[in-house]
Amino acid sequence: MRLLASISLMALAATAADALAPPPPCYWDGAAGRFVPLGQETATMDPAFLSEAGDGFAVLEVFHSDTGKPDRYVLQHCRSGSELLVVLPRGDQQPARSRFEDMVFGAGRYTMRQIGDEMALQGAGVRMSRNEFGDCACDLMAGWAE
């Protein structure tokens, strides 16, 4: 009985923690190939979570709705509109994820092209663009500064 009570308590705690987690601020619309803000999403879109990388850069990490695992990153430079899409490799993603996060959030300084080249070496699909993926992340960061 004590074990059952503990399991029930843990399940309740997990449910409460899930209820307190904030919703993702943006969603990846795979059909349109761009981000939409919270409130404009549909059930088929993948949640994307925002991190500020400094110097006007935003990173959106997209989680695949079917697997719940990270699927891709989009690094955006808000002032210039430059973007880098990184589609993580299938299988063991951890080396690519770790290297991306080290390059973007670590002490070193890298250009988008250098990050893209390194991610390609890690087996990721990469594409650079300008103002293609939407303003969801940059709009949120601009709101943080106000």
Side-chain angles (χ1 to χ4, degrees), residues 6-7 9-146:
S6 295
I7 292 171
L9 187 57
M10 288 187 319
L12 179 62
T15 304
D18 290 342
L20 295 176
C26 302
Y27 285 80
W28 175 253
D29 180 349
R34 56 188 297 110
F35 291 100
V36 299
L38 178 65
Q40 294 180 15
E41 77 279 4
T42 67
T44 62
M45 295 180 188
D46 297 323
F49 294 90
L50 173 64
S51 298
E52 190 172 1
D55 294 329
F57 284 92
V59 175
L60 281 160
E61 184 175 14
V62 179
F63 286 79
H64 196 278
S65 294
D66 293 339
T67 64
K69 294 183 179 182
D71 180 58
R72 65 192 67 215
Y73 290 105
V74 175
L75 175 64
Q76 295 180 309
H77 186 251
C78 294
R79 287 187 293 272
S80 71
S82 296
E83 304 164 318
L84 174 65
L85 169 67
V86 176
V87 179
L88 294 168
R90 298 202 184 277
D92 184 10
Q93 299 176 337
Q94 196 54 48
R97 291 184 75 221
S98 294
R99 185 65 178 132
F100 178 86
E101 291 173 7
D102 180 57
M103 292 182 85
V104 172
F105 299 111
R109 300 190 53 88
Y110 301 93
T111 65
M112 279 186 158
R113 182 153 316 278
Q114 289 171 318
I115 295 169
D117 289 347
E118 179 64 24
M119 291 298 93
L121 290 174
Q122 296 286 329
V126 297
R127 187 172 89 227
M128 291 187 69
S129 62
R130 185 173 302 277
N131 297 319
E132 182 179 342
F133 302 123
D135 297 332
C136 183
C138 295
D139 287 350
L140 284 167
M141 284 181 26
W144 292 348
E146 293 174 353

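On a predicted model such as this, the values are computed, not experimentally measured, just so you know.
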D71: side chain to side chain donor-acceptor pair (under 3.5 Å) partners, not counting sequence neighbours: none
Sequence neighbours excluded, the answer for side chain to side chain donor-acceptor pair (under 3.5 Å) partners of E83 is Q76, S129
Selection residues 36-63 - residue pairs positive for ring pair (Phe, Tyr, Trp, His ring centres under 6.0 Å), sequence neighbours left out: F49-F63, F57-H77
For residues 25-34, which side-chain donor-acceptor pairs fall under 3.5 Å, sequence neighbours excluded?
residue: D29; atom: OD1; partner: A31; partner atom: N; Å: 3.1
residue: D29; atom: OD1; partner: A32; partner atom: N; Å: 3.2
residue: R34; atom: NH1; partner: E132; partner atom: O; Å: 3.0

Quick check: do E61 and R97 have side-chain heavy atoms less than 4.5 Å from each other? yes
Please list all pairs meeting side chain to side chain donor-acceptor pair (under 3.5 Å) that have one or both residues in residues 103-115, counting only residues at least two apart or in different chains. D55-R109, T111-Q114
Going from CG on N131 to OG on S82, what distance comes out if it is rounded to the nearest 0.5 angstrom? 8.0 Å
As an exercise, state the distance from CE of M112 to CG of L84, rounded to the nearest 0.5 Å. 6.0 Å
Where do [X] and [Y] come nearest, in terms of heavy atoms and distance?
X: G56; Y: R79; value: CA-NH1, 3.9 Å
X: A137; Y: L50; value: CB-CD1, 3.6 Å
X: A48; Y: P24; value: O-CB, 3.5 Å
X: V59; Y: A53; value: CG2-CB, 4.1 Å

In a table with atom names and distances, give each donor-acceptor pair under 3.5 Å that connects a side chain of residues 98-105 to protein atoms at least two apart or in another chain.
residue: S98; atom: OG; partner: Q94; partner atom: O; Å: 3.0
residue: S98; atom: OG; partner: Q94; partner atom: NE2; Å: 2.9
residue: R99; atom: NH1; partner: D102; partner atom: OD2; Å: 3.0
residue: E101; atom: OE2; partner: Y73; partner atom: OH; Å: 2.7

State whether the side chain of R127 and the backbone N or O of V87 hold a donor-acceptor pair below 3.5 Å, judged by distance alone. no
Under the 3.5 angstrom rule, does the side chain of E41 hit a backbone N or O of G39 as a donor-acceptor pair? yes
Considering the options V62, D139, D46, which one meets the side-chain contact (heavy atoms from CB on, under 4.5 Å) requirement together with F35? V62
